[in-house]
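Remarks on the structure that follows.
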Number of protein chains: 2
Amino acid sequence: MTPRAQTPNTARELEHPAAREIRLEEVLHALADPVRLRIVRALAASGEEMTCSLFDLPVSKSTTTHHFRVLRESGLVSQNYRGTAKMNALRRDDLERLFPGLLDSVLASAARQEERLSSAPPRPVRTSSASG
Amino acid sequence: MTPRAQTPNTARELEHPAAREIRLEEVLHALADPVRLRIVRALAASGEEMTCSLFDLPVSKSTTTHHFRVLRESGLVSQNYRGTAKMNALRRDDLERLFPGLLDSVLASAARQEERLSSAPPRPVRTSSASG
DNA sequence: GACGTACTACGACGCTTATCGTATAAGCCC
DNA sequence: GGGCTTATACGATAAGCGTCGTAGTACGTC
């Protein structure tokens with residue numbers, strides 16, 4: 001077969017769902033995994049493209065690839081090759097148009113939870129009648 | 001054992017996670033299932049408690065029970081018995097305190113997607129050279 | 001006490017998924 | 001070209017999950 005005639009350097013193009021094909025359930029499912037949520041948060045924090053290898057994840061290389069694929073197929077991130085590296089970016093515009101405010105509230109919730117869980121003193125119950 | 005001494009009508013109490021135990025990942029996972037998202041939307045729309053049997057779901061009774069359990073254990077809904085019926089309610093206050101705006105943006109996104117998918121004309125491609 | 005209603009528990013089944021290791025392909029640099 | 005880096009593909013595995021049916025429990029009513 002060898003159908004890849006010349007295809008200079010843009011040869012490796014990855015399939016992305018069109019904006020209208022993105023489904024809320026899949027986006028939520030993609031975000032529900034701790035590793036993937038971490039990836040999305042890192043991408044949002046950097047605001048720019050990042051290569052896969054920049055992420056410090058507690059899983060193997062293969063698993064990382066798998067998670068990036070899930071993120072891409074759900075429509076959360078876009079990926080394109082740049083030399084040997086693969087650049088990843090959040091599809092903020094598409095997501096904002098489809099689900100206004102969703103990504104931001106998830107990101108804010110994640111940040112809030114991290115703060116709450118890390119700095120949470122073993123505060124017993126605080127019985128100071130001030131009521132909650 | 002028979003530890004249920006007298007316990008008049010509040011005998012059957014269900015375990016709910018405390019607010020501080022609610023995890024974003026579990027909430028997102030709970031919302032990622034179409035059936036459960038539908039339940040949550042119905043609860044939000046009604047604004048009040050609803051019995052399990054009020055929901056018109058495309059799954060069996062057992063499966064419905066399963067989904068309600070997932071919702072309760074994730075912290076999304078609270079359940080308490082009232083006679084033979086089990087009343088379900090969204091834990092809006094707890095969720096809003098933990099993840100401000102999250103639930104609303106998910107609900108809005110779901111509504112938006114439903115509208116988009118139902119009223120979507122099979123608009124071909126619109127090749128009007130306007131470039132995309 | 002007997003019956004009906006509402007929901008649960010349990011076991012089963014099949015599909016999906018998160019994980020890994022190894023082998024492989026594409027591109028860069030010398 | 002040779003070797004290094006980066007990421008993929010593939011197969012395997014174990015766990016999780018959505019689904020169901022059946023049997024059972026709790027409650028209200030007669």
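Letters A, B, ... are given to chains in the order of the sequence lines, protein chains preceding strands, and every chain is numbered from 1.
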Looking only at C/dA6, D/dT19, D/dT6, the nucleotide nearest the B/Thr84 side chain is C/dA6
Taking only Lys NZ, Arg NE, NH1 and NH2, and the carboxylate oxygens of Asp or Glu, determine whether A/Arg20 and A/Asp94 approach each other closer than 4.0 Å. no
note: B/Leu31, atom CG; D/dG18, atom C1'; distance rounded to Å ~ 17 Å
Residues passing the side chain to side chain contact (heavy atoms under 4.5 Å, CB included) test with B/Pro17, sequence neighbours excluded, are B/Glu21, B/Ile22, B/Arg91
A/Ala85 has its side chain closest, among D/dA7, C/dC7, C/dA18, to D/dA7
Atom CG of B/Leu14 and atom P of D/dC27 are separated, to the nearest Å, by 12 Å
Those residues at least two apart in sequence (or on a different chain) that pass side-chain hydrogen bond (donor to acceptor under 3.5 Å, both in side chains) with A/Arg112 are none
Here the distance between atom P of D/dT6 and atom CG of A/Asn80, to the nearest Å, is 17 Å
- Base, sugar-phosphate, or nothing for A/Arg82, non-hydrogen atoms under 4.0 angstrom? nothing
Between CE of B/Met50 and P of C/dC7 the distance, given in whole Å, is 11 Å
Those residues at least two apart in sequence (or on a different chain) that pass side chain to side chain contact (heavy atoms under 4.5 Å, CB included) with B/Arg69 are B/Arg72, B/Glu73
Rounded to whole Å, NE2 of A/His29 lies from C1' of D/dG16 at a distance of 10 Å
What residues 54-74 of chain B contributes to the DNA chain D interface at heavy-atom separation below 4.0 Å is B/Val59, B/Ser60, B/Ser62, B/Thr63, B/His66, B/His67
So ring pair (Phe, Tyr, Trp, His ring centres under 6.0 Å) across residues 29-63 of chain A, not counting sequence neighbours, yields A/Phe55-A/Phe68
Taken to the nearest whole Å, CZ/A/Arg36 to C1'/C/dT19 is 12 Å
B/Asp33 atom CG is separated from D/dG16 atom P, nearest whole Å, by 18 Å
Taken in chain and number order and not counting sequence neighbours, the residues that satisfy side chain to side chain contact (heavy atoms under 4.5 Å, CB included) with A/Val35 are A/Asp33, A/Ile39, A/Leu57, A/Val59, A/His67
